[in-house]
Visitor: 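Structure provided below as structure tokens; questions to follow.
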Amino acid sequence: MGRAFRFAQRVAFCVECLPWLGLSLLAVLTLSSALVGQASQGQTSQDSKAVVHLPTDWSHHHLIFSNPGTEEEAIAKGTHDRWLKIVNDPRYILQQMKRSSGVKALRGPETASWGQEAKTESIKKGKGTKIRKDWSEPLAAGQVQPNMYPAKYSFSITTASCSTDFVVYPTGVAGAGAAASIIAYNDLYSGCAPATVPSVYWAYNTGGTISTSPIISLDGTQLAFIQSNGTTASLVLLKWAPNPTPPTGVKGTFINNSTIVFITAGTVTTADVGMQISGTGIPANDTIVGVSGSTVTLATATTANTSGAETLTISAEAVTTPGVAPTVSNANYQSCTAPCMTTLSYANSQDDTFSAPFYDFASDDAIYVGDDDGYLHQFTGVFSGTPAESGSPWPVQVNTTAGTQVSSPVYDPTSGYVFVGDSTGVLHAVAANGSTHGTSSVLGDTIIDGPLVDPTAGMVYAFVTTNTADSDNAVFQFSTSFTTGTGNGAATGTETGKGGPGYYLYSGTFDNVYYESSSGASPSGNLYVIGGTGVAGGAILYQIAITGNAMAATATSPVTLLSGKFQLSWPSPLTEFCNAGAGACALNAGGTATATGTDYLFFSIYHSAKGGCTNLGGNGCILSYDISDPTHVVISGTGLNVTAEANPGCWATSGIEVDNSVPSGTLAGASQIYFVNLNGNGAGGPTNGTYTSTKCGANSVANTIQAVQASQASP
């Protein structure tokens with residue numbers, strides 16, 4: 001069966017969207033059928049024919065695509081095959097969709113009758129607006145990494161759905177009967193009902209601690225994440241199911257020390273498997289593991305003799321009453337009925353502190369992830385085959401120094417290499433077959449975050465906490481074909497202020513000028529990063545020019561003194577989003593600034609008075625800057641103050657995820673940012689109380705971290 005025929009069968013593509021995607025008919029017809037999966041639960045097949053789904057997770061911030069130019073240009077340059085590979089890559093397609101189309105309206109059966117009564121808001125541009133916290137949901141007294149991103153799924157790129165759009169957060173605590181390890185919310189937008197808080201879409205105890213970023217399948221029906229039992233890490237694959245409505249009026253009889261309950265009143269169905277059940281003689285947080293007719297099987301034997309029918313309570317899934325998705329073998333995972341999960345422990349029994357899983361959407365159904373002893377792992381058959389960890393030469397030992405912690409990897413489908421850094425400050429390139437292609441010189445003390453990889457430009461950017469020469473934060477640019485050395489620029493990299501061991505430099509981001517640059521494989525624009533992480537009061541928003549694909553040797557500093565005079569900055573990774581409402585962002589005639597739409601930069605920082613935030617100890621701030629004109633970077637609106645650890649301070653939030661752009665007068669609350677407010681806890685994981693850095697955590701308290709949604713507001 002041909003690829004084009006499979007595409008015609010399965011694709012949920014909006015034909016009128018093709019021009020602004022810049023795709024030829026050939027590119028569309030050769031798009032991998034992996035891009036479009038089955039319709040999400042709760043949607044009809046009619047719906048699935050009209051939309052393209054939009055999953056967003058941490059990996060979409062690290063594998064990015066500058067403008068590949070037109071098909072005609074590629075043909076003229078003799079690079080047509082490479083051009084086709086780029087424009088057919090699912091992440092490229094998703095990036096173009098997200099950057100080119102805003103949410104138009106609210107959809108979903110629960111709001112079909114709203115019509116003109118739907119709530120709307122007029123979003124003002126520029127200064128004077130405020131990043132407004134729309135909702136904040138308690139998770140647990142846990143810890144996540146500062147570069148952990150929530151995973152957001154939108155059922156459609158052109159509509160917002162109350163029922164099927166959802167966002168996933170790890171809780172940073174070990175899953176238990178009274179503690180979910182991972183949770184998802186729907187009813188996200190203020191135009192949904194209830195308007196004040198989201199609804200729990202599902203919540204599961206998966207048996208371990210999740211402190212790095214989860215990832216989401218293209219059709220939104222599956223998730224993958226790394227969890228730890230404190231000594232060994234595992235890859236977990238999860239098929240979720242919407243939180244069922246618990247049955248009421250249930251009564252049952254049972255015998256002491258039996259797992260069988262006989263239902264005498266009410267109805268319990270297979271949809272209730274995994275939910276918590278309580279009653280006289282049933283252990284706390286017991287769950288339903290099977291239903292057959294009027295017979296219910298529990299996970300734990302009952303503990304007391306009873307007489308007559310007992311009243312039983314079945315609880316909806318929530319943070320404190322999570323469900324338990326039945327665990328199946330790897331071989332049975334693809335055929336299991338949601339909810340269900342399977343677990344693959346790392347073959348070398350190592351733990352994983354910093355590395356999040358990266359999924360290869362393009363072809364191989366593979367996940368790459370690192371561990372705490374210098375190894376890079378590959379798992380195959382993840383979302384559509386039989387999940388398994390690849391054998392020899394996998395896992396690949398990229399660094400033989402014992403105890404080397406590997407950061408998050410990024411797979412480049414164009415070069416075929418996985419790029420990953422480690423805690424000794426070395427960048428590695430490994431082929432999908434497990435052969436080592438490149439190993440850089442020691443660039444500095446730590447590469448804590450995943451690199452930025454641009455397959456169009458053929459470049460990799462590594463963020464080093466302190467370089468070897470000056471103990472400065474530094475960014476290094478490498479060709480995707482590198483084998484050794486320190487990259488394309490100076491041996492010191494492009495320096496961005498004084499660093500310090502433990503005061504980590506997290507990834508930066510490119511501006512819209514870079515993304516839209518029309519120079520094909522030689523983009524120009526700017527890379528933004530917050531440096532000066534090791535100096536009190538020294539935090540600076542740096543701008544590094546990229547000209548014709550070459551990174552400038554010197555960074556400029558358009559915004560200084562982000563943090564207070566006597567405090568360190570603890571910046572989160574940076575998130576860029578160009579908001580043009582229903583249209584596409586576009587550059588001015590000279591290609592030097594964004595003229596249509598507004599380009600925004602989001603991040604959090606500790607102890608800052610910028611944007612009206614509080615510069616007292618124990619406070620963090622979410623800030624937004626307008627970077628539309630790189631020569632005139634200005635703060636946009638009023639920041640959002642959040643609780644952070646008291647002196648000496650620590651990271652205030654996780655990474656920041658963005659969902660939609662909306663035009664003026666559209667559905668209220670459909671243009672959002674999502675993050676975890678650490679709420680005074682030190683960042684860390686996977687073992688609670690083990691902090692990301694020894695430089696913070698001294699005054700961390702066991703506060704409940706918060707899942708937060710806030711309006712972009714500034715757009």
Side-chain angles (χ1 to χ4, degrees), residues 37 40-41 53-64 90-91 94-95 97-98 137 139 142 144-157 160-161 164-172 180-188 198 200-204 206 209-227 235-242 319 325 338-339 341 355-361 367-369 382-383 408-410 450 507 572-573 575 577 602 653-660 672-677 685 705-710:
S40 293
Q41 289 118 348
H53 314 310
L54 186 60
T56 307
D57 56 48
W58 81 272
S59 64
H60 298 266
H61 297 270
H62 287 263
L63 181 64
I64 61 91
R91 274 193 177 83
L94 293 173
Q95 175 187 289
M97 292 172 182
K98 188 164 185 177
E137 291 296 297
L139 294 175
V144 296
Q145 293 295 348
N147 62 338
M148 189 289 300
Y149 287 81
K152 172 67 166 56
Y153 174 80
S154 296
F155 182 75
S156 166
I157 64 167
S161 172
T164 58
D165 289 5
F166 63 90
V167 61
V168 180
Y169 292 88
T171 64
S181 48
I182 192 164
I183 188 168
Y185 298 97
N186 65 345
D187 289 323
L188 302 175
V200 174
Y201 202 20
W202 47 261
Y204 295 118
T206 59
T209 302
I210 308 161
S211 54
T212 57
S213 302
I215 60 176
I216 192 166
S217 66
L218 281 165
D219 66 0
T221 62
Q222 301 180 69
L223 278 90
F225 46 86
I226 303 303
Q227 71 176 17
L235 171 68
V236 178
L237 305 176
L238 171 68
K239 290 183 182 179
W240 56 270
V319 168
M341 57 179 275
S355 191
F358 185 96
Y359 180 66
D360 173 17
F361 283 134
I367 276 177
Y368 299 92
V369 66
V382 176
F383 289 139
S408 299
V410 177
S507 66
S572 71
T575 295
F577 188 64
F602 296 98
T653 74
S654 68
I656 297 171
E657 193 59 83
V658 178
D659 58 3
N660 309 308
Q672 306 297 328
I673 59 176
Y674 302 86
F675 57 91
V676 169
N677 174 16
I705 64 176
Q706 305 285 328
V708 181
Q709 181 210 63

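Hydrogens, waters and symmetry mates are skipped; everything else that's a heavy atom, side chains included, is used.
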Visitor: Could you pull out the closest heavy-atom pair between T212 and S355, with the gap in Å?
Guide: OG1-O, 3.9 Å
Visitor: Does K152 reach the side chain of S154, with side-chain heavy atoms less than 4.5 Å apart?
Guide: yes
Visitor: Could you tell me the separation between the CD atom of Q95 and the NE2 atom of H60, rounded to the nearest 0.5 Å?
Guide: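 Rounded to the nearest 0.5 Å, the CD-NE2 separation comes out at 10.0 Å.
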Visitor: Before giving the answer on side chain to side chain contact (heavy atoms under 4.5 Å, CB included), spell out for I367 and I215 the whole-Å C-alpha distance, their side-chain angles and the decisive distance to 0.1 Å.
Guide: CA-CA 10 Å; I367 276 177; I215 60 176; 3.7 Å; yes
Visitor: Would you compute the distance between atom OG of S59 and atom CD1 of I64 and round it to the nearest 0.5 angstrom?
Guide: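 Here the rounded value is 12.5 Å.
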Visitor: What are the two closest heavy atoms between A203 and A180, and how far apart are they?
Guide: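 Looks like CB-CB, 4.2 Å.
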Visitor: Return the minimal non-hydrogen interatomic distance between F155 and H53, and the atom names on each side.
Guide: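 Shortest heavy-atom contact: O-ND1, 2.8 Å.
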Visitor: Is V369 close to L235 at the side-chain level, that is, under 4.5 Å between some pair of heavy atoms?
Guide: no
Visitor: Answer with yes or no after comparing the ring centroid distance for F675 and F602 against a 6.0 Å cut-off, counting only values under it.
Guide: no
Visitor: With rounding to the nearest 0.5 Å, note down the distance linking OG in S507 to CH2 in W58.
Guide: 9.0 Å
Visitor: Nearest 0.5 Å please: distance from the CG atom of L237 over to the CD atom of Q222.
Guide: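 Interatomic distance, L237 CG to Q222 CD, rounded to 0.5 Å: 7.0 Å.
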Visitor: Under the ring pair (Phe, Tyr, Trp, His ring centres under 6.0 Å) rule, what do F166 and Y153 come out as? Steps first, then yes or no, please.
Guide: CA-CA 5 Å; F166 63 90; Y153 174 80; 5.2 Å; yes
Visitor: Check the pair T171 / I182 against side chain to side chain contact (heavy atoms under 4.5 Å, CB included), numbers first and verdict last.
Guide: CA-CA 6 Å; T171 64; I182 192 164; over 6 Å; no
Visitor: For M341 and A325, which heavy atoms make the closest approach, and how far apart are they?
Guide: CG-O, 3.6 Å
Visitor: Would you check if L94 and L218 make a side-chain contact, meaning some heavy-atom pair closer than 4.5 Å?
Guide: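 Counting from C-beta outward, L94 and L218 do come under 4.5 Å.
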Visitor: Does any non-hydrogen side-chain atom of P170 lie less than 4.5 Å from one of M148?
Guide: yes
Visitor: Excluding sequence neighbours, so at least two apart, what forms ring pair (Phe, Tyr, Trp, His ring centres under 6.0 Å) with Y169?
Guide: none
Visitor: Are W202 and V168 close enough, and set up right, to give a side chain to side chain contact (heavy atoms under 4.5 Å, CB included), and what steps lead you there?
Guide: CA-CA 9 Å; W202 47 261; V168 180; 4.0 Å; yes
Visitor: Determine whether a donor-acceptor pair (N or O, by modelled atom type, separation under 3.5 Å) exists between the side chain of S181 and the backbone of T206.
Guide: yes
Visitor: Just by distance, do the side chain of N677 and the backbone of Q706 share a donor-acceptor pair under 3.5 Å?
Guide: no
Visitor: Has Q709 got a side-chain atom pairing as donor or acceptor with L188's backbone, closer than 3.5 angstrom?
Guide: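 It does hold such a pair.
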Visitor: Restricting to ring pair (Phe, Tyr, Trp, His ring centres under 6.0 Å), what partner residues turn up for F225, sequence neighbours left out?
Guide: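 For F225, no residue satisfies ring pair (Phe, Tyr, Trp, His ring centres under 6.0 Å) once neighbours in sequence are set aside.
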Visitor: Check whether any side-chain N or O of S408 sits under 3.5 Å from a backbone N or O of G450 as a donor-acceptor pair, and report yes or no.
Guide: no
Visitor: Only counting residues at least two apart or in another chain, list the ones meeting side-chain hydrogen bond (donor to acceptor under 3.5 Å, both in side chains) with T209.
Guide: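 Counting only residues at least two positions away or on another chain, T209 forms no side-chain hydrogen bond (donor to acceptor under 3.5 Å, both in side chains).
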Visitor: What are the two closest heavy atoms between R91 and L63, and how far apart are they?
Guide: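 Taking R91 first and L63 second, the nearest heavy atoms are CD-CD2, 3.7 Å.
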Visitor: Do I656 and Y674 pass the side chain to side chain contact (heavy atoms under 4.5 Å, CB included) test, and can you show the C-alpha distance, the side-chain angles, and the key distance before you say yes or no?
Guide: CA-CA 6 Å; I656 297 171; Y674 302 86; over 6 Å; no
Visitor: Distance check, rounded to the nearest 0.5 Å: L223 atom CG versus D57 atom CG?
Guide: 9.0 Å
Visitor: Considering all heavy atoms of both residues, which atom of F358 and which atom of P409 are nearest to each other, and what is their separation?
Guide: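 Smallest heavy-atom distance, with atoms named: CB-O, 3.3 Å.
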Visitor: Nearest 0.5 angstrom please: Y149 OH to H62 NE2, how far?
Guide: 5.0 Å
